[in-house]
Structure formats: C-alpha cells, structure tokens
*Asks:* 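Supplied in structure tokens, the structure appears directly below.
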Amino acid sequence: LMRRYGRYVISTKVEELDDPDLYRDRNTVAECVAQMMSDCDSAIEMLPALWDEDNWHRANRTAAQALKARILLYYASPLYQGNFEEPGLPAGSVGDVQRWIDAVNAYRAAINDNDFYNIEQPTVWKRPWSQEGTYNYVVGLTGNLDNHEIIYDVGYSTSYSIYNERYSLPSELEGCYGYTNPTQEM
C-alpha cells in the first residue's frame with residue numbers, strides 16, 4: 001500500500017459512514033511504518049514456524065519476518081526518506097543509517113530464526129524433463145513441505161513450474177521444446 005500510494009490513513013477499527021473522523025489526513029511515513037511493524041511483530045509472535053501439509057499455503061512466522069525485513073528495507077531506501085512532497089534524497093546519499101541497520105537486523109532474524117528455509121543446492125540434471133532431484137523441480141514444488149527455498153508463494157499450479165525445464169531448455173536435448181531459445185536465424 002505504502003509502496004504504491006505513499007502515506008495512507010491508518011485505520012485499526014471498523015469505519016462508519018457517518019463518522020465525522022472518516023475523512024482525515026494521511027498519516028506520516030514514520031507512523032505508517034510503525035503500524036506495519038506492530039502488525040508484523042504480532043504476526044511473528046502468533047504464527048507457527050511451519051504449518052502442516054494441509055495448510056502449506058498459509059503464511060508462517062518466517063514469512064512475517066521476511067515481510068517485516070522488506071518493509072524496513074524499503075523504509076531505509078533514500079526514496080522513503082526526506083519530505084514526501086519532494087520524495088527521496090539526493091543521489092548518492094544514504095540517509096538515516098539506523099534504518100539500514102534495522103533492515104539488516106530484521107533480515108538476519110528471518111534467516112537465523114528458522115531451521116527450515118535454506119538455499120537449495122543446484123543439482124546436475126538427470127534428464128531435462130526429469131521430475132526427480134532437479135533444482136527446478138524442488139523449487140517448483142510450492143505445494144508441499146519439501147521446498148526449503150521459497151518462504152511464501154502463491155502456488156497456482158505446480159505442474160507449470162516443473163515444465164519450465166522442458167519448455168526452456170534447447171530443443172536439441174531429448175524431450176525439450178526450446179520455446180524461449182533464440183532461433184538459428186539470429
């Protein structure tokens with residue numbers, strides 16, 4: 001919301017149409033970030049580290065930590081420092097260094113406070129369309145608890161991710177189509 005529209009009106013209650021306070025000014029950037037941090041901290045406290053297989057699609061504690069870190073990273077950016085009528089700081093300036101430190105600490109917490117997520121080691125492909133043991137297959141499986149790399153994803157279809165190998169690799173490889181490769185005429 002803030003990344004798209006800038007400052008916004010913070011509302012923590014149900015708004016009524018006849019409320020005289022309905023049309024109020026936008027909150028400051030600092031107030032917006034403080035509210036988002038409060039919401040993220042509440043989520044981090046209440047969410048489990050991992051959900052079971054039936055609830056894999058729900059956000060967990062690490063997703064809330066990653067969201068908090070991303071918000072703090074945007075907040076540290078020179079674009080969100082200074083006065084919002086003339087957004088941003090001059091080129092080459094870093095602004096408030098404490099904001100950068102807070103972002104780094106939040107990312108460290110997201111990385112170090114979990115025992116599950118990690119970067120997958122790329123493997124040698126057995127066959128281009130193999131659905132076992134390849135990096136693309138493991139990362140493409142957003143719909144199970146075996147994926148250690150993607151913290152939060154909306155899994156529309158696991159089959160599309162698996163077929164990325166087949167569609168993207170050169171057509172000379174057995175079973176691949178090479179749809180995204182340049183043609184010989186180039």
Side-chain angles (χ1 to χ4, degrees), residues 1-51 55-122 135-136 138-140 142 145 147-156 160-161 164 180:
L1 189 64
M2 190 175 83
R3 187 177 71 177
R4 172 76 54 149
Y5 299 107
R7 300 176 304 139
Y8 58 90
V9 175
I10 295 174
S11 178
T12 57
K13 62 181 179 67
V14 176
E15 301 289 345
E16 300 293 335
L17 289 175
D18 58 351
D19 187 355
D21 196 32
L22 182 63
Y23 299 103
R24 55 191 180 274
D25 290 334
R26 295 177 182 210
N27 291 83
T28 66
V29 172
E31 291 169 337
C32 292
V33 170
Q35 181 62 48
M36 289 186 281
M37 292 302 97
S38 172
D39 293 342
C40 286
D41 288 338
S42 295
I44 291 166
E45 185 179 313
M46 293 188 287
L47 288 171
L50 285 176
W51 291 97
N55 293 301
W56 64 268
H57 58 281
R58 298 179 70 179
N60 59 27
R61 181 178 19 216
T62 305
Q65 289 173 314
L67 177 63
K68 177 181 178 178
R70 178 184 245 181
I71 293 167
L72 288 171
L73 183 65
Y74 285 149
Y75 186 54
S77 164
L79 180 63
Y80 287 97
Q81 297 195 39
N83 139 9
F84 231 86
E85 279 67 39
E86 297 172 13
L89 295 175
S93 61
V94 295
D96 184 1
V97 175
Q98 186 59 46
R99 291 184 186 186
W100 292 103
I101 293 170
D102 292 343
V104 167
N105 290 336
Y107 273 109
R108 279 193 181 135
I111 292 168
N112 295 332
D113 288 354
N114 78 79
D115 296 325
F116 182 77
Y117 295 103
N118 204 343
I119 302 296
E120 292 289 336
Q121 295 299 317
Y135 172 80
N136 195 32
V138 173
V139 171
T142 59
L145 294 177
N147 188 335
H148 299 275
E149 192 166 273
I150 297 175
I151 293 174
Y152 186 73
D153 181 45
V154 178
Y156 296 108
Y160 176 76
S161 297
N164 278 348
T180 59

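Note that the structure is a prediction, hence the values are computed from the model and not measured.
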*Asks:* Quick one: CZ on R70 to SG on C40, what's the gap to the nearest 0.5 Å?
*Replies:* 12.0 Å

*Asks:* Run the salt-bridge test on K13 and D19 with the 4.0 Å N-O cut-off and return the result as yes or no.
*Replies:* yes

*Asks:* Is there a donor-acceptor contact under 3.5 Å from the side chain of Q81 to the main chain of A76?
*Replies:* yes

*Asks:* Heavy atoms only: give me the nearest I10-E31 pair and the separation to one decimal.
*Replies:* CD1-O, 3.3 Å

*Asks:* Rounded to the nearest 0.5 Å, how far does CZ of R58 lie from CG of L50?
*Replies:* 13.0 Å

*Asks:* Find the distance between CE (M37) and SG (C32) and round it off to the nearest 0.5 Å.
*Replies:* 11.5 Å

*Asks:* Can you tell if the side chain of Y107 reaches within under 4.5 Å of the side chain of L73, non-hydrogen atoms only?
*Replies:* yes

*Asks:* Which pair of heavy atoms, one from V9 and one from D25, lies closest together, and at what distance?
*Replies:* CG2-O, 3.8 Å

*Asks:* Quick one: pull up CG in N114 and CD in Q65 and give me the separation to the nearest 0.5 Å.
*Replies:* 7.5 Å

*Asks:* In this structure, are over 12 heavy atoms from other groups packed under 6.0 Å from E45 atom CD?
*Replies:* no

*Asks:* Test side-chain contact (heavy atoms from CB on, under 4.5 Å) on V29 and M2; report intermediate values, then the result.
*Replies:* CA-CA 8 Å; V29 172; M2 190 175 83; 4.1 Å; yes

*Asks:* Once you round to the nearest 0.5 Å, how far does CG of L67 lie from CG of L72?
*Replies:* 9.5 Å

*Asks:* Mind listing the closest non-hydrogen atom pair of Y8 and M36 along with its distance?
*Replies:* OH-CG, 3.5 Å

*Asks:* Are any side-chain N or O atoms of S42 and backbone N or O atoms of S38, one a donor and one an acceptor, separated by less than 3.5 Å?
*Replies:* yes

*Asks:* Using a cut-off of 6.0 Å, state whether more than 12 heavy atoms not belonging to R108 lie near its atom CZ.
*Replies:* no

*Asks:* For a quick test of reading the model, state the closest non-hydrogen atom pair linking A64 to A43 and the distance between them.
*Replies:* CB-CB, 3.9 Å

*Asks:* Measuring from atom OH of Y75 to atom NZ of K68, what distance do you get when rounded to the nearest 0.5 angstrom?
*Replies:* 13.5 Å

*Asks:* Where is the tightest heavy-atom contact between W100 and P78, given as atom of each residue plus distance?
*Replies:* CZ2-CD, 3.9 Å

*Asks:* Which atom names give the shortest non-hydrogen contact between Y74 and Y80, and what distance separates them?
*Replies:* O-CD1, 2.9 Å

*Asks:* Might you confirm whether atom CG of D21 has over 12 heavy atoms from other residues, nucleotides or ligands at distances under 6.0 Å?
*Replies:* yes

